Every structure is written in structure tokens, then in C-alpha cells.
Amino acid sequence: MELQLSAAQRVPSDALGLIFDFIEYGRRLKDGWEKLGQKRVVGGTASLLSIAQVCHAWRVVALPYFYQNTETLLNPIFHAADSEPKLIYPNLSMAAAAGQSLSVRSAHLRLSLDHIANGASIRLLNAGVPPTVTFPNASELKLSFYSSNDFDRADYSVQAAAFTERICQLFPKAHDVSFIVCSWLWNGSEDVWRSLMHSIVPTPRTLICCKLLNESTTLRDGISNGVRRLYLGTNGGTGYYPIVHSNRGTVEELVIRVAVDHSHTAHRWNMPVNQDPLFSYKYPKLARLSIETRGDARKLFTRSATNRFPSLTSLSLLTFCEVDIGSLVGDRGETLTSLTMYLTESLVQSLRDRLFPSLAYVRILGSILHVFIVNDNEALARAAMEVVQLPFLIAPNAEMIENYVVSGLPNLSHSSVFPDNHPHPRLQYLVLCRLSLSLSQFHQILVCLPGLTRVRLRSVVSDNGASYEYSDDEIRTLLTGLPVFSTRLRRLDFEEVVRCSAGMVIAITKLPSLRMVTVLGIPAEVGYLMDEIDKPVYHEYRNSLNRLLFHGVGDSWSQPHPD
């Protein structure tokens, strides 16, 4: 134990930082916008505390990670029935008591406007944090108004000013201010809410409005100008959002999430028939646009004579509404680097014969192309092949392609997966969800895409079919006769392991740079793979196989963020 602890103590602090960052979030985050919706991995906070107990060196590195994000409830809970959000981050008083105020980078305050109005929030804040303590390194401040009781219409400017002054004292360098509000709480008191919010934060960098009931009333005249990031969650409505229009000159990131109408009178999904009013003007700085619906509108956008989004780099279309890609990226789309989408007939038609030279990341999460094909296997096969090949055709310089709607293709060959004469030298990460490849097909794909470092697919099976079990002599022949598949592939992700898993193990032996193999599903599936590896026929490769990390990832598989 002492020898192991000594080795742990010698790990460089920079390396420990990378490890602890991964433990906290599960993956390294790209930017602050991603953090808005990103929680730590389950058990991440507890894991960091446990790590801090290993030794003094680890504690010094781990505690700043533990306290860099805080979450504080400034709403007194008087009754068991009161709504209390689940907090998984340490709060400000914990950071202050531990002497870690300098470690705090982000402060999330859970608020209620009625308790700001009656002074309860500032009393709680002062009770938890001594007046001499500040958080000078906190650059991000998130104010989340998650609930409120009724309060009288009156002038609360004094209370709002006192709360604002205290916030400014605690966070003197908080330049990235996010405003998060569940807008259904405003119903009937919109003017009081807007007045208080404007007093507390006149110009938030980020504005998140959830559960909008009537966006035209709630957001009329806007709340502020100069907002750079907007998230609007609405139940439908007119498609007219005053807050977006008033900030069209500054907004850089925009998320529109349109929910469905579950009312008894709705016989089909309801949403604005046309979203053109939302984008009837030019948005010169808009770089990231995400539209998510479960709606069934016939037309989401119409083509414009001019490109309304000249700076757009990231586009996410999580909607089955009919969309023409040209209405969003113009005729050339030379700035587009990331595209996430559900495939519809109109979207595919508008993508045919298009090339996006800067497009580095393509992700397909859903498709309805097959829904309207009945009793026509050839047409179904063509539609499925187009879904598979589309990312390769539109993104010749792609670095990551993720396709989560691939299904079994008849007479599959490597040319079915990607078209000929499309080498894709920059491609590093490939996801072919639900697709099983034969051993030779897998080999062909790796030869044609030599830059791949990570691949995810359903499984690798025998060339004679998934149920065929290689004999020991056949395995020896393949191990001897097959060349190296790839010298760069470092990780393989399988969605299942069939009992006849020799094809998978043979493939693994032909990947000298492979370091990790993960398997989705029950632990027994990893066991099938290990049972195959333990066979004497693989004795010559025992050392290289033992160096690999085999990992089961449970019964769900998170999909990476598009950026």
C-alpha cells in the first residue's frame, strides 16, 4: 500500500488536473455555453472528495476542481411542500468556510423574486458568506429564478438595488452573467418581473427563458439589449419573439426549443406554421443556431435572396419539420463547421450536390426517410444507403462523423458505407450506430480511412455471418494471413458482443495502437469477449491483448455534444 501511495504521489499535478477535470464532467467541455446545460457526471462531486483524501498532493489539486463551480439556494424552505431544487454542487458558504473562495470560477444562484422583494435572499447570502469574503476569480454568474410566490405590486427598486450591490461586492469580475427564468411564473405579473429583472441585471450576457406561455406578452419590448446568448423554450405560439429581434445585432448563439401541444383538442403536433417572422432580419454575428421541435409544421423557413446568417458556424436542426438548408446557410455555406440534424426528405434534397469545405463535424440523430417507403425493398435500401453516405458527400474535410440512424444494409460493402473517390484524410472519429460489419468489411474501411483513431459500430462478425463460429484452424489462418488493419486506431466502441466473437478478437489483434475497447450492454457481453480472448489460439497475442482496457458502459450510451 505504501508503494502504491508513493507512486500516486509522484503523478505530475498537470496530469492530475486533466484526470480530475474528466471525473468532474465526464469529458472536457469546449466552452462556457456548453456548461449552461452540463451537469457533472453522476457521483463526480463525491469522487472528487474521495480523491482529495488520498494524499496531500492530490488534495491540493482536487479541491480547486471541487469548488470551481458552486450552486447556492437563496430561497428559504418553510414547508415540506415547498419546491426545492436538487443541488449537486458545493455552495458559496462551503467554499468560504474551506478557504477556497479563490477557486470559485462559476456561481449559480437559485432565486425567487418574492424573496428578493422581501429581503430574505440577501439575509441568507449574508448569513452564509462573511462580509470580508469575496470571490474575485468568479467570471460566470448564473441567476436562476426557478420559483416564486405571489407578491404585491409595489416599487421594489430599493430591495433590488441592495441585492445587486451585494452581488457586485461578492463577484467583482463576473462579466459573464446568465439569466435563467421559468417564464410561466410571470403569468399575470409580467411588468413587475421585467422591472425587477432589469434592476438586478440590466444587460445579461446570456438569457434563458423556459416554459414560455405567451412570448409576445412576456417578452414584449424585450428585457434588455446586448444579449449574446439566447435560449427560448416555448410551447408554440406565433413564431414572433421580440427579445430575439431586439438583440439581433449582438446575439451570437440562439437556441429555440418548441415543445408539443398535448391538449385534448390537438389532433396533431402544433407549432407555428412558419418561423419566418423570427428571422425576417439579418443576424450578422449569429454563429451558433439550434432549433429543436417535436412539431409537424409543413414549412419552417423559406429561402431568402440574401444570407441572413453570414457568420453561422454551428447549426443544429433537431426537428422533423421541412427545412431547406439553403434558407439557413445560403448558397455556399463556407463558414459552416458543425452540422447536427434529423433527416427529412426536403433537407436531404437540399443537401444533395452540396459541399461544405469547412464542415468538420457531422452528426445525424434521426431520420424519417424510411417512413413513407412501403413494400419496396429496393427503395428502402437506396434510402438507407443515402443516409449512410450523406455525411461523406457533403463534408470532404470532416474530422468527425456520427450516424445514429444507420440500419442493416443488404449486400453491404465498404463502398456502401462511403462513396468511392472520397478519401477523407482528416477523418478521425466514425460512428456507425446499429451497423455490424464483417471482418473483411471492417478491414476495408480502415484501409480506406487510415486516419481513424476511434470507431463505434454494432459489432464485427465472421465473413460467413454473425452466427458462424470460426474453428481454431481458421482463426490461426486469419491471424497469420491478415495484415495490420490500422496503425492509428486507438479505441473501439461496440454496441453488442455476439457469442461467436472471434471476428472481434481477430480485428483487435490487427490494431497495434489500440488501447481501449468498450462494450454497451450487460456485463455478460464483456464476458463473452473475455472468454474468447482466453482461448489458447490467441496465446501469441496474449501480451498485447492484456495491455488493452476492456470496459462495459452500462445500458445507455451518451452521445457527444456536437461541438
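For clarity, every value in this text was computed on a predicted model and none was experimentally measured.
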Quick check: does any side chain N or O of S501 sit under 3.5 Å from a backbone N or O of V497, one acting as donor and the other as acceptor?
no

Determine, step by step, whether Y470 and S462 satisfy the side-chain contact (heavy atoms from CB on, under 4.5 Å) criterion, reporting the C-alpha distance in whole Å, the side-chain angles of both residues, the deciding distance to 0.1 Å, and the verdict.
CA-CA 8 Å; Y470 284 122; S462 162; 3.4 Å; yes

When rounded to the nearest 0.5 Å, the distance separating OG1 of T477 from CG of L482 is 10.0 Å

Please give me the minimum heavy-atom distance between T340 and L365, naming the atom from each residue.
CG2-CD1, 3.9 Å

What heavy-atom pair brings L432 and E495 nearest, and what distance separates the two atoms?
O-OE2, 4.4 Å

Looking at V387, is its backbone amide N or carbonyl O close enough to the side chain of N403 to form a donor-acceptor pair, meaning the two atoms are under 3.5 Å apart?
yes

Measuring only between side-chain heavy atoms, which start at C-beta, is V348 closer than 4.5 Å to E386?
yes

Within this structure, what is the OG-CG distance for the pair S311 and L336, rounded to the nearest 0.5 Å?
12.5 Å

Under 3.5 Å, side chain of E532 to main-chain N/O of L529, donor-acceptor pair present?
no

Between S513 (side chain only) and R490 (backbone N and O only), is there a donor and an acceptor less than 3.5 Å apart?
no

Under 3.5 Å, is there a donor-acceptor pair between the E474 and S471 side chains?
yes

Can you check whether Y231's main-chain N or O pairs, donor with acceptor, with R257's side chain at less than 3.5 Å?
no

To the nearest 0.5 Å, what is the distance between OH on Y67 and CZ on R105?
14.5 Å

I'd like to check D463 versus Y468 (side-chain heavy atoms, cut-off strictly below 4.5 Å). Are they in contact?
no

Indicate yes or no for a side-chain donor-acceptor contact from T337 to the backbone of T313 under 3.5 Å, with no hydrogens or angles considered.
yes

Are Y404 and E402 close enough that a side-chain donor and a side-chain acceptor fall under 3.5 Å?
yes

Would you call the rings of F442 and F485 parallel, tilted or perpendicular, where under 30° means parallel and over 60° means perpendicular?
perpendicular

Student check: side-chain heavy atoms of Q441 and I445 closer than 4.5 Å:
no

Flag side-chain contact, heavy atom, 4.5 Å: V329 against R354:
yes

OG1 of T206 to CG of L230: how many Å apart, nearest 0.5 Å?
8.5 Å

Nearest heavy atoms of S106 and N69, plus distance in Å
CB-OD1, 3.3 Å

Is a salt bridge present between E71 and K142, judged by a nitrogen-to-oxygen distance below 4.0 Å?
no

If I compare all heavy atoms of P450 with all of V447, which pair ends up nearest, and what's the gap?
CD-O, 3.6 Å

Could you check whether the rings of H424 and F392 sit parallel, tilted or perpendicular, using 30° and 60° as the cut-offs?
perpendicular

Side chains of I394 and L355: does their closest heavy-atom pair fall under 4.5 Å?
no

A502 and I475 have their tightest heavy-atom pair at CB-CD1, 4.0 Å

CA sep, side-chain torsions, deciding dist, call: L328, F309, side-chain contact (heavy atoms from CB on, under 4.5 Å)
CA-CA 7 Å; L328 299 172; F309 314 104; 3.8 Å; yes

Nearest atoms (heavy-atom pairs only) where K510 meets L478
CE-O, 4.1 Å

Any donor-acceptor pair under 3.5 Å linking the side chain of Y429 with the backbone of Y361?
no

Mind checking the CD-CG spacing from E496 to L457? Nearest 0.5 Å is all I need.
10.0 Å

Can you list the steps and then say if Y541 with V505 is a side-chain contact (heavy atoms from CB on, under 4.5 Å)?
CA-CA 10 Å; Y541 297 88; V505 178; over 6 Å; no

With the threshold set at 4.0 Å, does a side-chain nitrogen-carboxylate oxygen contact exist between E399 and R426?
no

Counting heavy atoms not belonging to E334, are there more than 12 under 6.0 Å from its CD?
yes

Answer yes or no: is there an ion pair linking R229 with E252, defined by an N-O contact shorter than 4.0 Å?
no

Can you tell if the side chain of L254 reaches within under 4.5 Å of the side chain of R288, non-hydrogen atoms only?
no

Distance only, no hydrogens: is a donor on one side chain within 3.5 Å (strictly under) of an acceptor on the other, for S459 and S436?
yes

Kindly say whether I325 contributes a backbone atom to a donor-acceptor pair with the side chain of S350 at under 3.5 angstrom?
yes

Spell out, as yes or no, whether a donor-acceptor pair under 3.5 Å connects the side chain of S103 to the backbone of Q68.
no

Hey, what do you get for CG (L545) to CE (M530), rounding to the nearest 0.5 Å?
8.5 Å

Run T70 and H108 through side-chain contact (heavy atoms from CB on, under 4.5 Å) and show every step you take.
CA-CA 6 Å; T70 61; H108 188 172; 6.0 Å; no

More than 12 heavy atoms of other groups within 6.0 Å of D534 CG:
yes

Does the side chain of L446 reach to within under 4.5 Å of the side chain of L452, using non-hydrogen atoms?
yes

Contact between E253 and S314 at the side-chain level, heavy atoms closer than 4.5 Å - yes or no?
no

